[in-house]
Amino acid sequence: MLNELVASIYQDAWDAEARGEHVGWSTSIFPQELCATFGVPVLYPENNAAGVAARHDSPRFIATSEGELGYSNDICSYARLSIGMAHQMANDPNYQPPEVQRMPRPTFLLCATNSCFELLKWYECLSRELDIPIFMQDCLFNYTDEKPAKHWEAYGRSQIEHNIKRMEEFFGKKFDWDKFLEIQKISVENARLFDECVMMNDRNPSPLNGFDLFNYMAPMVVARGRRETTEVLLQLKREIQEHIDNGTTTFGSTPEEYRVDWEGIACWPNLGYNLKTMKKYGVNCVTNGYVGAWSLHYTPGNLNEMAAQYMLSSTNVVNTTTMMGKRSNIANHFQCDGMFCHINRSCKFMTYHMTCGREIVEEKSQIPVVFFDGDQADPTIFNEAQFETRLQSLVDVMKANKEAKQ
């Protein structure tokens with residue numbers, strides 16, 4: 001069901017391009033309810049980059065960004081992959097897109113700065129490369145642990161309203177507020193269902209292996225406002241409950257000896273090796289904070305609440321004490337024995353949170369926190385030997401802690 005849903009979204013975009021209609025590319029946490037109301041297909045370069053990287057096809061696009069265009073390998077690998085793909089798309093008559101999750105050329109861009117502020121420059125580069133406009137949703141950073149002031153929400157709302165007016169002009173059609181309300185209801189319902197699925201993994205043993213959640217967050221990224229996503233999540237919830245009732249798990253036959261909170265984005269090019277090595281040591285990542293970025297809960301029809309949710313959704317728009325305090329609470333709820341943190345070369349601000357907030361977790365949750373180096377799309381950064389060595393060190397501490405408690 002999940003594969004069919006994603007395939008249909010890509011096909012809708014290709015069909016729109018064939019008809020000469022608009023197709024958008026969007027950052028992962030832009031208010032997708034807007035274009036869904038206009039009925040305009042939108043694809044997501046971050047989601048696409050993850051799929052391309054997982055299928056080991058990222059190096060050729062990254063090489064274009066670095067070798068032909070001169071972009072530094074210090075910037076986000078999603079950005080390098082996406083800009084390299086856009087450059088080939090715009091300039092190479094022999095361009096061959098990835099066989100899996102091919103993306104048609106966009107006519108506009110949607111950019112929200114809640115995931116990270118590098119997105120702004122990335123999408124400016126795409127806009128220049130493809131000569132198309134950007135619809136912006138600027139998201140303020142929250143420096144305190146308190147709920148932001150009313151003017152903060154008003155700023156987010158004003159941008160949503162401004163984007164609606166610009167889109168009416170660009171698409172040449174009026175915004176349907178009744179349809180917008182229905183899509184909001186679906187989006188909120190899907191966010192609730194996804195949260196319920198995530199929380200069901202707190203059983204011991206957990207019904208899912210931790211990387212299942214990375215796969216199932218896909219419809220939350222690309223189709224949160226669609227009824228098909230509701231059906232996928234309801235089916236997923238039924239399957240998780242079946243595992244719970246039967247005492248089974250997708251972790252396989254290996255006993256779940258240690259439960260960890262995996263922090264950071266997945267190492268998409270190395271996902272198979274990560275899972276295999278963790279199973280070897282009986283380590284299951286039963287939760288991860290990254291998948292919660294699409295947990296957007298607001299009252300349908302309330303634009304202030306919707307704007308606030310989009311400004312607070314990502315870990316990269318809140319301060320370190322807020323983020324790592326939440327991570328500690330999650331680790332406690334899921335009865336984690338440790339936290340395994342992906343020091344992602346691409347996502348430097350998330351890495352900053354983890355390195356600077358390590359002591360918060362160790363103090364509040366009384367569990368070890370161990371780092372390993374990697375990247376979300378660039379396979380040259382990851383080292384298998386280092387990953388296993390760091391995992392071994394985490395297992396050693398978790399084992400000692402368990403023995404001390406016994």
Side-chain angles (χ1 to χ4, degrees), residues 9-10 12-49 61 64-65 69 71 75-76 78-92 95 97 102-140 155-177 179-180 183 221-225 303 306-307 310-311 314:
I9 290 167
Y10 275 77
D12 288 346
W14 281 106
D15 291 344
E17 185 197 46
R19 294 191 298 268
E21 298 172 357
H22 287 294
V23 176
W25 284 9
S26 176
T27 59
S28 61
I29 322 179
F30 186 93
Q32 64 174 233
E33 293 90 339
L34 303 188
C35 279
T37 300
F38 281 107
V40 176
V42 175
L43 298 178
Y44 297 80
E46 289 158 273
N47 174 264
N48 180 264
F61 300 109
T64 296
S65 287
L69 303 176
Y71 286 97
I75 67 172
C76 171
Y78 281 176
R80 283 178 283 146
L81 191 160
S82 176
I83 293 169
M85 185 184 293
H87 180 75
Q88 291 185 20
M89 185 180 291
N91 298 282
D92 184 358
Y95 166 69
R102 296 165 55 243
M103 294 210 297
R105 180 170 177 154
T107 59
F108 67 95
L109 301 167
L110 307 172
C111 180
T113 57
N114 45 17
S115 296
C116 76
F117 296 104
E118 189 176 313
L119 284 166
L120 175 59
K121 306 310 295 182
W122 169 4
Y123 273 64
E124 284 179 351
C125 292
L126 288 176
S127 174
R128 183 173 60 247
E129 188 73 54
L130 299 171
D131 192 24
I132 55 177
I134 309 175
F135 295 90
M136 281 294 305
Q137 183 76 21
D138 183 38
C139 299
L140 301 175
Y155 177 67
R157 174 180 178 147
S158 69
Q159 291 184 82
I160 292 175
E161 292 172 332
H162 178 65
N163 278 322
I164 289 172
K165 290 179 181 178
R166 284 189 63 209
M167 287 177 179
E168 285 182 326
E169 296 172 2
F170 186 72
F171 298 140
K173 60 175 74 173
K174 294 294 291 182
F175 190 72
D176 186 336
W177 288 92
K179 183 179 179 182
F180 180 52
I183 290 171
V221 180
V222 304
R224 197 168 54 256
L303 271 185
M306 178 181 168
Y310 275 101
M311 291 238 253
S314 172

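Keep in mind that the numbers below use all heavy atoms, side chains included, and drop hydrogens, waters and symmetry copies.
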Exam field: side chain [X] to backbone [Y], donor-acceptor pair closer than 3.5 Å:
| X | Y | answer |
| --- | --- | --- |
| Lys173 | Glu168 | no |
| Tyr10 | Pro104 | no |
| Ser158 | Tyr155 | yes |
| Glu118 | Cys76 | yes |
| Gln32 | Arg224 | yes |
| Asn163 | Gln159 | yes |
| Thr113 | Cys139 | yes |
| Asn114 | Ile29 | yes |

Original post:
What about the rings of Phe135 and Phe170, do their centers lie closer together than 6.0 Å?
Top reply: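 Yes.
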
Answer yes when [X] and [Y] have at least one side-chain N-carboxylate O distance shorter than 4.0 Å, and no when they do not.
| X | Y | answer |
| --- | --- | --- |
| Arg105 | Glu17 | no |
| Arg166 | Glu169 | no |
| Lys165 | Glu161 | no |

Point-to-point distance, once rounded to the nearest 0.5 Å, from [atom1] of [X] to [atom2] of [Y]:
| X | Y | atom1 | atom2 | result |
| --- | --- | --- | --- | --- |
| Arg19 | Trp14 | CZ | CH2 | 14.0 Å |
| Met306 | Met311 | CE | CE | 12.0 Å |
| Ser65 | Ile75 | OG | CD1 | 6.5 Å |
| Leu81 | Thr64 | CG | OG1 | 9.5 Å |

Original post:
Can you tell me if Thr107 and His22 form a side-chain donor-acceptor pair at under 3.5 Å?
Top reply: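 Looking only at side-chain atoms, His22 and Thr107 do form a donor-acceptor pair, the distance falling under 3.5 Å.
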
Subject >> Donor-acceptor side-chain pairing of Tyr310 and Glu33 below 3.5 angstrom >> reply: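 Glu33 and Tyr310 do have a side-chain donor-acceptor pair below 3.5 Å.
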
What closest approach, in Å, do [X] and [Y] show between heavy atoms, and which atom pair accounts for it?
| X | Y | value |
| --- | --- | --- |
| Tyr71 | Cys125 | OH-SG, 3.3 Å |
| Ala86 | Trp25 | CB-CZ3, 4.4 Å |
| Glu46 | Ser26 | OE1-O, 4.4 Å |

Subject >> Partner set under side chain to side chain contact (heavy atoms under 4.5 Å, CB included) for Ser127, not counting sequence neighbours >> reply: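 Here the qualifying residues are Leu109, Ile134.
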
**OP:** Please name all residues satisfying side chain to side chain contact (heavy atoms under 4.5 Å, CB included) with Ile9, sequence neighbours left out, ordered by chain then number.
**Re:**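 Result, side chain to side chain contact (heavy atoms under 4.5 Å, CB included) vs Ile9: Leu5, Leu43, Val222, Ala223, Arg226.
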
Subject >> Non-neighbouring partners of Asp138 that pass salt bridge (charged side-chain N to carboxylate O under 4.0 Å, His left out), sequence neighbours left out >> reply: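 Checked Asp138 against salt bridge (charged side-chain N to carboxylate O under 4.0 Å, His left out); zero matches.
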
